[in-house]
Structure formats: structure tokens, C-alpha cells
Number of protein chains: 2
Amino acid sequence: MKLISRKEELVLLSIWKLRDNAYGVTITDQLAKTTGRYWSIGAVYDVLDRLTRKALVAASASDPLPERGGKSKRLYRITKDGHQALEEIREIHDTMWSDLPESALEFENP
Amino acid sequence: MKLISRKEELVLLSIWKLRDNAYGVTITDQLAKTTGRYWSIGAVYDVLDRLTRKALVAASASDPLPERGGKSKRLYRITKDGHQALEEIREIHDTMWSDLPESALEFENP
DNA sequence: CATTACTTCAGCAATCCTGAAGATATCTCT
DNA sequence: AGAGATATCTTCAGGATTGCTGAAGTAATG
């Protein structure tokens with residue numbers, strides 16, 4: 001199985017954190033908050049589409065709400081395969097980051 | 001500053017681990033060993049070129065060795081900016097992976 | 001010139017990115 | 001009630017960056 005990309009990992013984790021309230025806008029906000037970086041809304045939807053095609057997430061439509069702009073949202077949940085992909089990436093991360101030599105810094109930037 | 005990609009992170013960590021012996025072939029072997037996946041040699045050189053252009057690594061030529069195939073190798077070291085990029089990604093990883101709800105698995109695969 | 005080890009190369013596939021435009025709900029005004 | 005105004009969420013087109021492959025090229029010794 002191919003490793004998931006960095007964005008895919010971060011989007012999956014955002015969905016996990018948002019529990020029942022994970023959709024395009026809240027996911028984007030969560031990413032911005034947690035990473036301290038700007039995330040284009042379109043870029044997030046792009047990753048969500050990819051994760052859906054790979055069946056690492058599944059989507060469902062929420063009921064419309066009786067409030068301004070309360071149109072139906074597309075809610076996302078992580079699938080079993082999605083959790084497995086996260087577990088794989090976590091293991092590799094842990095392995096790669098363990099047993100590093102004390103310091104490798106010998107060259108400065110040009 | 002833009003986040004480094006997953007491949008860039010893994011290649012940087014491989015160089016770190018290999019200390020004074022980090023070049024195309026040993027880096028590829030190290031990645032295969034640590035991730036348990038096949039890495040095309042060309043793909044690794046591609047990432048190394050990119051990291052060099054971004055000044056996250058610096059390269060130098062080793063002396064040729066008096067043995068079969070002992071031609072000069074291109075050795076890589078991580079620069080100060082490279083270490084900083086790793087530190088950034090580690091912080092974001094730690095933040096994203098902390099405080100996750102107990103379980104988010106409610107949907108199975110289709 | 002055979003063999004070994006290392007690097008380059010061309011070109012295609014996948015991922016990442018942007019923000020304006022579109023869709024669907026309620027609110028406000030006459 | 002009807003007609004915009006406003007709010008929230010999603011789609012879209014197209015370009016930039018990153019990822020991938022293995023055969024061919026280079027430079028050393030046997």
C-alpha cells in the first residue's frame with residue numbers, strides 16, 4: 001500500500017478531531033488553527049475528493065438547518081481503511097524519528 | 001514558510017541517520033529498510049535535487065576509492081535550514097496527533 | 001573489455017493550490 | 001407575499017509542484 005501524502009494525513013486527523021462536525025469549512029479552519037498556516041478552501045476540497053475516491057473517508061449529507069446559510073453540509077467520517085492508513089504512517093514516522101544521531105549539523109547554508 | 005513534503009522529510013531523516021555516508025544509493029537503501037517499501041532510485045535523486053535547490057541539504061564530492069566501482073560519490077549533509085524544516089514538521093505532527101478523541105470509526109468501507 | 005557502483009535523464013502521473021463563481025438557505029424591506 | 005440582500009458552503013478550471021520509473025551514461029578496478 002502506497003503511503004498517504006502529508007496533506008491527506010493532516011486532513012484525516014482534522015476529521016478525526018472534529019467528530020460529528022467535519023465538513024469542508026470546519027476542516028479548513030481546524031487545519032489553519034492547528035498548523036498556523038493559511039489553507040485555501042479549494043485545496044482542502046481537493047484532498048477530500050481524493051480521500052473519498054480512495055475510500056479513506058466516507059461522506060454524507062447533513063439536514064439543512066433553519067438558519068441563515070443553513071444549507072446542507074457534506075459531512076465526512078474516516079473509514080476503516082483511513083484509520084489503517086493513519087496507523088501505517090504513524091509507525092513509519094516513529095521509526096524514522098527514533099535513534100537519530102545527536103547532531104548532524106556540520107554544513108551551514110551557502 | 002511552506003511545509004516540506006513527506007518524501008522530503010523522510011529523505012532528510014535518512015541523511016541524518018547515515019551521518020558521513022549519505023549518498024544516493026545508501027539513502028535509497030535506508031529508506032527501503034526503514035519504511036518497508038520499494039523506492040525507485042530516480043525518485044530519490046529527484047528529491048535530493050529539490051532539497052539542494054531549497055538549500056535544505058548541501059552536497060560535496062567524496063574522494064574516489066581504489067576499488068571496483070569506487071568512483072566519487074555525492075555526499076549530502078543537512079543544512080541549518082534543513083534542520084529547521086524538520087523541527088517545524090515535527091511540531092505540527094505532534095500537535096495534530098495529540099488530543100484525538102477515543103475512536104472516530106463509525107463508517108465502514110462501502 | 002568486463003564488471004561494479006553510482007548518477008542522469010526524459011517524460012508522464014499524482015498531488016497541491018488558488019479564489020471567483022455557483023448553490024441554497026434565511027433575513028429584510030416594501 | 002415577493003424581491004433582493006446576506007450568509008454559508010461547494011464547485012470549478014487550469015496551472016505549479018512533487019513524485020515516479022528504469023534504461024542509459026559515467027568512472028572506477030579486475
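Values reported hereafter were calculated over all heavy atoms of this structure, with side chains retained and with hydrogens, waters and symmetry mates removed. All figures in this text were calculated on a predicted structure; none of them were measured in a lab. In what follows, every chain begins at residue 1, and chains take the letters A, B, ... in the order their sequences are listed.
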### Query
How long is the line joining CD1 of B:Ile27 and P of C:dA5, in whole Å?
18 Å

#### Entry: Test: A:Lys33 cationic atom under 6.0 Å from A:Trp39 six-membered ring centre, within 45° of axis
no

### Query
Under 4.0 Å: is that the gap between some side-chain N or O of A:Tyr45 and OP1 or OP2 of D:dC12?
no

### Summary
What one should report as the nearest heavy-atom pair of B:Ser72 and B:Ser62 is OG-O, 2.7 Å

### Task
Figure out the OH/C1' separation between B:Tyr76 and C:dC6, and round it to whole Å.
11 Å

### Message
Contact between A:Ile92 and B:Thr34 at the side-chain level, heavy atoms closer than 4.5 Å - yes or no?
### Response
no

### Task
Report the C-alpha separation of A:Leu12 and A:Leu51 in whole Å, then their side-chain angles, then the decisive distance to 0.1 Å, and conclude whether the side chain to side chain contact (heavy atoms under 4.5 Å, CB included) test is met.
CA-CA 9 Å; A:Leu12 283 172; A:Leu51 289 171; 4.1 Å; yes

### Query
What is the distance from CG of B:Asn21 to P of C:dA5, rounded to the nearest Å?
14 Å

### Query
What about B:Leu100 and A:Leu10, same hydrophobic cluster or not, with Ile/Leu/Val/Met/Phe/Trp/Tyr joined at side-chain heavy-atom distances under 4.5 Å?
yes

### Query
Are A:His93 and B:Trp97 close enough that their ring centers fall under 6.0 Å?
no

## Note on the structure
In whole angstroms, the gap separating C1' of D:dC9 from CG of A:Leu75 amounts to 12 Å

#### Entry: Atom-pair distance (CG on A:Leu48; C1' on C:dC17), nearest Å
14 Å

### Task
Would you please confirm or rule out a distance under 4.0 Å between OP1 or OP2 of D:dT10 and any side-chain N or O of A:Tyr23?
no

## Note on the structure
Counting primed atoms, P, OP1 and OP2 as sugar-phosphate and everything else as base, the B/S/- map of nucleotides 17-30 of chain D against protein heavy atoms under 4.0 Å is -SBBBB---BSBBS

### Query
For the pair made of CZ in B:Arg74 and C1' in C:dA5, what is the distance, rounded to whole Å?
14 Å

### Summary
To the nearest angstrom, the CG-P distance between A:Asp49 and C:dT15 comes to 12 Å

#### Entry: Spacing between A:Ile4 atom CD1 and C:dC16 atom P, to the nearest angstrom
10 Å

